[in-house]
Amino acid sequence: MKKNNFFVLLAFCTVSTMLCSCGTGVNSSSDDVSGSDNTAQTTNNPAVASPDETAAPQDVLEDGMTAVYGTDLKDGVYSVQVDSSSSMFCITECELTVKDGEMTAAMKMGGTGYLYVYMGTAQAAAEANPNSYLSFVENADGTHTFTVPVAALDAAIDCAAFSKNKEKWYDRTLVFRADSLPADAFIKDQSTSIEDLALQDGDYLIAVTLEGGSGKASVHSPAKLTVESGTATAEIIWSSSNYDYMKVDGVQYDPVNTEGNSVFEIPVSGFDYKMPVSADTTVMSTPHEIEYTLYFDSTTIEKQ
């Protein structure tokens, strides 16, 4: 019965497209990048979930975010974090492919409740030609992956999702986060250098933020920063004694202490970006290397 209902809805969508003369494919122009407050809109289209059927969306576009386009990135394949306005549309992993200035993302979903996605609003999806809907690929573990075009990073992107159970389109907003990409993915260096800051040799304090892992670990902030001959070194003090080495750019650094919480002295390749590092923890049954990022905020630097 649900299958029959679905085809009735598809037929309705096609007729609506003809009547409204506004059938669209994947939206990628700058005018379509920013998400809108879709849940505030009302519609009589039975193929679109009403505001009463949709939980209040989360605001995923942060103040100060500036759109990053495919032309700003080097060709390659990168792991990227995707923030969703709805916990019901959860992306557990995402792989961003950049080629010739264009971007696509393979989004691995946390559930199997959606049959199609459409890069636009739910209303636009309901009025679009069904041939423009993007179907999932089922992975070996039973999870679903949708591959979609990405107009820009750090921009609110409308993505409608068709519920398998409800047989309706739901508005979602996605933000593909530029700060989750490695620094070398950008054509232009995104970090701030010692030269940019005109830092003289000496000792400083700087606020540092750790991200990654389970979220339980932390590092002491502010951290001691030493500048010598144009090179910056930070003293990283962990919240536990369970780390036996760190790695930066593939180079291993051992602790500089033997008692108390783990302490390391590592090079700082740049400021004001999420610098990738890894640390080996011994708290588990076997040592485990975990990936983190450290963000050194240049606006907090204080001379000692």
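The structure displayed is predicted, hence computed values, not measured ones.
- Contact check for P267 versus Y253: side-chain heavy atoms found under the 4.5 Å cut-off.
- Linking Ile, Leu, Val, Met, Phe, Trp and Tyr whenever their side-chain heavy atoms come within less than 4.5 Å puts M284 and M246 in one cluster.
- Classification of the F136-F146 ring pair by plane angle, with boundaries at 30° and 60°, yields perpendicular.
- Within the structure, ring-ring contact (aromatic ring centres under 6.0 Å, His included) pairs that include any residue of residues 183-222 do not occur (at least two apart or interchain).
- Using cut-offs of 30° and 60° on the angle between ring planes, the pair Y118 and W169 is perpendicular.
- T282 and D244 form no side-chain donor-acceptor contact under 3.5 Å, judged by distance and modelled atom types alone.
- For the 3.5 Å distance criterion, the side chains of Q81 and D83 qualify, holding a donor opposite an acceptor.
- Linking Ile, Leu, Val, Met, Phe, Trp and Tyr whenever their side-chain heavy atoms come within less than 4.5 Å puts V251 and I266 in one cluster.
- Here the side chains of V175 and I157 are not in contact, with every heavy-atom distance at 4.5 Å or above.
- Side chains of P182 and D184 form a contact here, defined as non-hydrogen atoms less than 4.5 Å apart.
- Side chains of D297 and T299: a donor on one and an acceptor on the other come within 3.5 Å.
- Aromatic ring pairs are classed by plane angle as parallel below 30°, tilted from 30° to 60° and perpendicular above 60°; the pair F296 and F271 is perpendicular.
- The line from CD of Q304 to CG of L225 is 10.0 Å long, rounded to the nearest 0.5 Å.
- Counting only N and O atoms by type, the side chains of D254 and Q252 include a donor and acceptor under 3.5 Å apart.
- A donor atom on one side chain and an acceptor atom on the other are found under 3.5 Å apart for T226 and D203.
- S193 and D196 share a donor-acceptor pair across their side chains, judged by distance under 3.5 Å alone.
- Looking at E53 and S50, their side chains do bring a donor and an acceptor atom within 3.5 Å of each other.
- Side-chain N or O atoms of D158 include none that pairs as donor or acceptor with a backbone N or O of T121 at under 3.5 Å.
- Linking ILVMFWY side-chain heavy atoms closer than 4.5 Å, directly or via other members, places L134 and Y170 in two distinct hydrophobic clusters.
- Judged purely by distance below 3.5 Å, without hydrogens or angles, the side chains of T143 and N139 pair a donor atom with an acceptor atom.
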- Task: Begin with the C-alpha distance, continue with both residues' side-chain angles, and end with the deciding distance and a verdict on side chain to side chain contact (heavy atoms under 4.5 Å, CB included) for T233 and V268.
- Result: CA-CA 6 Å; T233 302; V268 178; over 6 Å; no
